[in-house]
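Sequence lines set the chain letters: A, B, ... in the order given, protein chains first and strands last, and positions in each chain run from 1.
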Amino acid sequence: MAVNSKQDYQRIWHTIAAIPSGRVASYGQIGELAGYARGARLVARALRYAPVEMNLPWHRVLNAQGKIAIPASSPSYKEQARRLATEDVPFISGRVDMSRYRWQPDLDELIWGPLAFDTGTLTEGSDE
DNA sequence: AACGTGACGAGGA
DNA sequence: ATCCTCGCCACGT
């Protein structure tokens, strides 16, 4: 799980790129989805190293509290808040309600995506 | 090589 | 809710 090559970063970048518009994710969440448990700080670094040409939806990544993780004095802070507003993600009192806007890949796919037709997998997973 | 530093997070006081 | 302490781990000194 050690991050020591560009491929590791690309893995994280790819996960970030998958966050749909109107949704947000926490650093820790991206880490887990990308396969790096407890890799929140690594995600932060990957984001900092991300080439701008990649055009990643960096603004959809917030900390676990739903707050923007960069200093409020930073110009990027306002830019991030602006982008969130553009996507109709309420940024109130300096934070996003993660309980409502957090990206939930599995659930999204079950409800909105193609997997909605594959309900058979639900009944088969009798592991409870 | 040792040490301090984060676009982090969880838990305790 | 706020502040502090730790765990985390690649980086730059």
Chemist: Mind checking if A:Y77 touches a base, just sugar-phosphate, or nothing, with heavy atoms under 4.0 Å?
Modeler: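 No contact at all - A:Y77 keeps every heavy atom at 4.0 Å or more from the nucleic acid.
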Chemist: Hey, are the side chains of A:L42 and A:Y27 touching, using non-hydrogen atoms and a 4.5 Å cut-off?
Modeler: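 The answer is no; the side chains never approach within 4.5 Å.
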Chemist: To the closest 0.5 Å, what do you measure between CZ (A:R82) and OH (A:Y77)?
Modeler: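 Result: 15.0 Å between the selected atoms.
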Chemist: Walking along DNA chain B from 5' to 3', note the first and the last nucleotide with an atom under 4.0 Å from a heavy atom of chain A, and give both.
Modeler: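 That gives a stretch of B:dG6 to B:dA10.
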Chemist: Is any side-chain heavy atom of A:F91 closer than 4.5 Å to one of A:I68?
Modeler: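 They are in side-chain contact.
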Chemist: Among the clusters formed by ILVMFWY side chains lying less than 4.5 Å apart, do A:V96 and A:L47 turn up in the same one?
Modeler: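 Looking at the clustering, A:L47 is in a separate group from A:V96.
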Chemist: Considering every strand and a 4.0 Å limit on heavy-atom distances, what is the contact class for A:S74: base, sugar-phosphate, or nothing?
Modeler: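 Contact class for A:S74: none.
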Chemist: Are A:D97 and A:R100 within salt-bridge range, i.e. N to O under 4.0 Å?
Modeler: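 A salt bridge is present here (some side-chain N lies under 4.0 Å from a carboxylate O).
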Chemist: Any Lys/Arg nitrogen of A:R83 or A:E87 sitting under 4.0 Å from an Asp/Glu carboxylate oxygen of the other?
Modeler: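 Result for this pair is no, no salt bridge flagged.
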Chemist: So if I define the base as every atom that isn't primed, P, OP1 or OP2, how would nucleotides 1-7 of chain C read as a B/S/- string at a heavy-atom cutoff under 4.0 Å?
Modeler: S-----B
Chemist: Is the shortest side-chain N/O distance from A:Y49 to OP1 or OP2 of C:dG12 below 4.0 Å?
Modeler: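 Indeed, a polar side-chain atom of A:Y49 lies that close.
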Chemist: Might you point out which heavy atoms bring A:I30 and A:A25 nearest each other, and give the distance in Å?
Modeler: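 That would be CD1-CB, 3.7 Å.
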Chemist: Which residue is it: A:L56, A:T15, A:I19? I am looking for the one with a side-chain contact (heavy atoms from CB on, under 4.5 Å) to A:V61.
Modeler: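 Output: one option passes, namely A:I19.
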